Q: 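To start, I am sharing the structure in question, which I have written as structure tokens.
Only this structure's heavy atoms are used, side chains among them; waters, hydrogens and symmetry mates stay out. Values in this document were obtained by computation on a predicted structure and should not be read as measured data.
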Amino acid sequence: MLMFADFLQFTASYFAAWFILLRRIDLSERLEAMLLGYAFFIVIFFVSFWAFGMYESLWRYAEAYEFLKCMMATAVAVAAFVGVTWIVIQPPVVEQRLPITVYFISAMMAGASALFFRTSYRAYRTNNATRSAKANRKKVLIVGAGETGAAVIQGLWHIRHAHLYDVVCSVDDDPAKQGCKIQRIPVAGMVRDIPKLVERYGIRVILLAIPHATGKEKRRVSSICAKTTCELKKIPDLFDFDENEADHAPALVSRIEDVSVEDLLGRDVVDIKRFKTKYLAGQTVLITGAGGTIGSELCRQVAAHGAARIVMLDVVENGLYAIEQELLFKFGNTPQVVAEVCNIREESRLGAVFAKYKPDLVYHAAAHKHVPLMETAPEEAVKNNILGTLNVARAADTYGVKRFVLISSDKAVNPTNVYGATKRVCEMIVQTLNPQSTTEFVSVRFGNVLGANGSVIPLFKAQIAAGGPVRVTHKEIIRYYMTVSEAVSLVMSAGEMAKGGEIFVLDMGDPIKTLDLAEMLIRLSGYEPYKEIPIEITGLRPGEKLYEELLMAEEGLKTTSNKKIFVGRPIDINPDYLFDSLNLLKDAAISSSETSRTAMLDKLREIVPGFSAPALNAL
């Protein structure tokens with residue numbers, strides 16, 4: 001069919017040129033030349049087009065390359081036809097030579113008509129397919145009209161046949177771009193105008209293309225987008241995107257992914273690659289609580305930064321097995337990965353592990369951490385958190401560990417719950433042991449980790465999936481949040497700069513209202529808060545604060561070489577008093593009587609002066 005169409009076009013172009021250019025000449029006198037030229041014309045054009053593959057391409061999907069080949073085939077055919085006619089069609093073959101322009105113009109008209117036909121066909125099929133799929137495509141608003149935004153738009157144009165997205169507008173806070181167009185897409189306003197534009201254009205998807213935004217800017221943009229019911233998507237590695245990749249627009253767009261809650265909170269990523277060789281390389285690192293959220297991420301980052309051997313301890317075998325298999329699959333036999341099922345409460349078993357592997361560094365992440373559960377089982381919190389930490393710290397001292405890093409919590413500051421009080425005692429233990437030991441003991445204190453086991457994010461997601469309600473304890477409750485990778489990176493960074501006895505405090509950024517977080521998660525899931533998914537205020541749980549603190553007033557605060565890490569001044573602690581008190585706590589925790597529980601809690605309040613927990617009176 002395409003060859004037949006070309007035959008008609010070639011014929012029409014050839015004879016049109018003759019009649020237009022030589023209309024005043026008696027064509028009967030040139031009939032022989034015209035017919036002979038026509039025979040050469042048809043043969044030469046078909047041979048050239050066939051040689052350049054003009055009848056192999058599916059022109060409905062043609063791109064610039066196919067049209068370039070059509071132009072080349074036309075150029076070759078024009079040159080060949082003009083050359084052949086100039087040599088063959090001349091006296092004495094015909095009575096009188098015709099002007100060369102007759103042959104040249106006819107050939108050019110034929111080539112132009114062939115190219116125009118193919119271009120029109122491609123445009124028709126594309127437009128027809130686009131219109132037929134219009135109802136099924138999602139209207140998209142692009143945030144960012146820079147290089148990345150242009151690459152995304154270009155990529156979406158390239159995959160329009162997939163009928164996924166229909167980009168209708170973009171926004172950018174640059175005043176110079178307002179009212180302009182980027183690849184036919186208007187810059188319809190600024191970021192603050194997103195809710196209005198969503199309603200005006202019927203936007204269903206907001207695509208973030210702002211690779212170099214700061215954490216504060218990311219959070220502002222994401223919070224505005226989260227006020228709509230649109231799907232939020234981003235290009236891969238949204239905030240680390242290299243704009244040199246803009247030339248690979250189709251590949252970029254093919255990797256569009258959903259925006260996560262971490263993106264909504266706008267946390268900056270911390271790079272610790274500079275610590276690889278001088279801190280962890282060639283070391284044997286022991287990690288307690290290795291199957292948990294923090295512990296498993298510690299295992300991943302320690303493995304990635306050159307440790308010779310990783311000894312992973314946990315009493316829960318499922319999580320321990322999972323991280324062991326993950327590291328073996330990803331890293332093979334380098335570093336050596338060892339999984340030990342071990343309860344940190346058992347001093348003899350713990351000592352055997354330390355004697356066997358002789359670790360250089362210890363990250364102590366094992367702990368009972370669920371605040372409400374520890375309120376109802378304070379003995380378990382004391383036995384696992386306090387006595388378990390004491391066992392691990394003494395083993396580190398006995399077996400010559402170079403550095404011991406305790407994973408602590410913001411709940412250790414002026415604690416209102418058992419968990420926070422036990423963590424404060426853990427900090428006191430490592431501060432007290434530090435001057436008595438060759439091991440450098442330090443603590444790292446931070447807030448909530450997004451997605452951690454038992455954290456609010458997985459709980460909210462499960463409640464949303466069940467259709468609600470999403471339960472928030474108080475309208476005004478606020479928390480600090482950071483991603484697990486960021487928290488662990490900063491823990492390792494603090495371990496690098498430790499000299500012993502410090503309490504390092506991580507910069508948690510701005511606190512987030514838990515109610516705002518719940519609303520963002522509901523919108524991120526494609527629902528309208530309060531209308532489609534209700535939010536229920538349940539009241540504060542026992543031991544729960546409205547807000548968390550990261551530093552006690554008497555500790556002070558000093559900056560470090562890392563702007564994300566601060567160090568608190570050590571507080572004077574009487575070692576004899578502390579360890580005598582720990583012995584009393586141990587005796588009381590082992591006993592199961594109500595009298596022993598009361599004595600244990602009283603002693604805990606005595607050790608931690610800031611500990612106030614009125615809810616415990618009802619236990």
Side-chain angles (χ1 to χ4, degrees), residues 288-289 292 294-295 315 343-347 350 363-394 404-433 441-449 452-454 503 541-545 548-552 555 568 571 573 577-592 596-617 619:
T288 69
I294 296 294
V315 70
N343 192 335
I344 60 173
R345 301 182 187 186
E346 298 177 7
E347 191 172 0
L350 201 57
Y363 289 105
H364 178 45
H368 285 329
K369 63 179 183 179
H370 294 281
V371 170
L373 292 180
M374 293 305 98
E375 292 300 288
T376 58
E379 299 90 349
E380 298 304 308
V382 169
K383 287 187 284 187
N384 196 70
N385 295 358
I386 296 178
L387 302 180
T389 295
L390 183 61
N391 290 339
V392 179
R394 282 176 170 169
F404 177 102
V405 180
L406 168 70
I407 308 299
S408 189
S409 167
D410 56 358
K411 293 176 177 61
V413 181
N414 299 320
T416 59
N417 51 64
V418 170
Y419 166 69
T422 59
K423 276 298 185 180
R424 177 58 191 145
V425 176
C426 292
E427 293 178 350
M428 297 169 72
I429 289 172
V430 298
Q431 280 192 310
T432 303
L433 286 177
F441 288 92
V442 298
S443 302
V444 182
R445 185 188 291 166
F446 55 89
N448 298 276
V449 174
N453 295 330
I503 295 180
R541 298 173 298 179
E544 189 173 33
K545 287 182 177 182
E548 302 291 359
E549 304 162 90
L550 291 173
L551 198 70
M552 293 186 292
E555 287 177 322
I571 298 174
I573 301 168
Y577 166 76
L578 177 63
F579 290 115
D580 288 343
S581 299
L582 293 181
N583 289 329
L584 295 175
L585 274 180
K586 180 178 180 180
D587 294 339
I590 293 174
S591 175
S592 301
S596 297
R597 169 181 281 190
T598 302
M600 180 191 71
L601 293 174
D602 288 341
K603 194 63 181 178
L604 198 57
R605 291 189 186 93
E606 183 182 312
I607 299 172
V608 185
F611 177 34
S612 59
L616 292 172
N617 295 329
L619 290 174

Q: If every non-hydrogen atom of Cys426 is compared with every non-hydrogen atom of Thr389, which pair is closest and at what distance?
A: SG-OG1, 3.3 Å
Q: Heavy-atom distance under 4.5 Å between the side chains of Ile407 and Phe446, does that happen here?
A: yes
Q: Report the C-alpha separation of Ile386 and Leu604 in whole Å, then their side-chain angles, then the decisive distance to 0.1 Å, and conclude whether the side-chain contact (heavy atoms from CB on, under 4.5 Å) test is met.
A: CA-CA 11 Å; Ile386 296 178; Leu604 198 57; 3.9 Å; yes
Q: Taking the side chain as every heavy atom from C-beta outward, state whether Pro378 and Met600 have any pair of such atoms under 4.5 Å apart.
A: yes
Q: Does any part of the side chain of Thr432, heavy atoms only, come nearer than 4.5 Å to the side chain of Phe579, both counted from C-beta?
A: yes
Q: Are more than 12 heavy atoms, taken from residues, nucleotides or ligands other than Glu380, located less than 6.0 Å from that residue's CD atom?
A: yes
Q: Taking side chain as C-beta onward, heavy atoms only, is Thr288 less than 4.5 Å from Leu350?
A: no
Q: Applying side-chain contact (heavy atoms from CB on, under 4.5 Å), run through Val315 and Asn343 and close with a yes or a no.
A: CA-CA 5 Å; Val315 70; Asn343 192 335; 4.0 Å; yes
Q: Run the numbers on Tyr577 and Asp580 for side-chain contact (heavy atoms from CB on, under 4.5 Å), then give the verdict.
A: CA-CA 5 Å; Tyr577 166 76; Asp580 288 343; 5.9 Å; no
Q: Which is it for Asn385 and Val418 under the side-chain contact (heavy atoms from CB on, under 4.5 Å) test, yes or no, and what are the steps along the way?
A: CA-CA 10 Å; Asn385 295 358; Val418 170; over 6 Å; no
Q: Over all heavy atoms of both residues, which pair between Ser591 and Ser596 is shortest? Give the atoms and the distance, please.
A: OG-OG, 2.9 Å
Q: List in chain and number order the residues that pass salt bridge (Lys or Arg N to Asp or Glu O under 4.0 Å) with Glu346, two or more places apart in sequence or in another chain; answer none if no residue qualifies.
A: none
Q: Side chains of His364 and Ile344: closer than 4.5 Å at any heavy-atom pair?
A: yes
Q: Please name the pair of heavy atoms, one in Gly420 and one in Pro415, separated by the smallest distance, quoted to 0.1 Å.
A: C-CB, 3.5 Å
Q: Can you establish whether the number of heavy atoms outside Lys603 located under 6.0 Å from its atom NZ is more than 12?
A: yes
Q: Given side chains that start at C-beta, do those of Ile294 and Tyr363 come closer than 4.5 Å, heavy atoms only?
A: no
Q: Can you name the one residue among Lys423, Arg445, Glu427 that meets side-chain hydrogen bond (donor to acceptor under 3.5 Å, both in side chains) with Ser408?
A: Glu427
Q: Less than 4.5 Å apart, side chain to side chain, heavy atoms only: is that true for Asn417 and Glu375?
A: yes
Q: Compare every heavy atom of Leu578 with every heavy atom of Met428, then report the nearest pair and how far apart it is.
A: O-CD2, 3.7 Å
Q: Report yes if some heavy atom in the side chain of Leu406 is under 4.5 Å from a heavy atom in the side chain of Val392; otherwise report no.
A: no
Q: Using every non-hydrogen atom in the two residues, find where Val371 and Tyr419 come nearest and quote the distance to one decimal.
A: CG2-CD2, 4.2 Å
Q: Heavy atoms only: give me the nearest Glu379-Arg597 pair and the separation to one decimal.
A: OE2-NE, 2.8 Å
Q: Within this structure, what is the CG-CG distance for the pair Asp602 and Leu584, rounded to the nearest 0.5 Å?
A: 12.0 Å
Q: Which distance, rounded to the nearest 0.5 Å, do you find between the OG1 of Thr422 and the CG of Asn384?
A: 9.0 Å
Q: Just how far is it from atom CD1 of Ile607 to atom CZ of Arg424, taken to the nearest 0.5 Å?
A: 11.5 Å
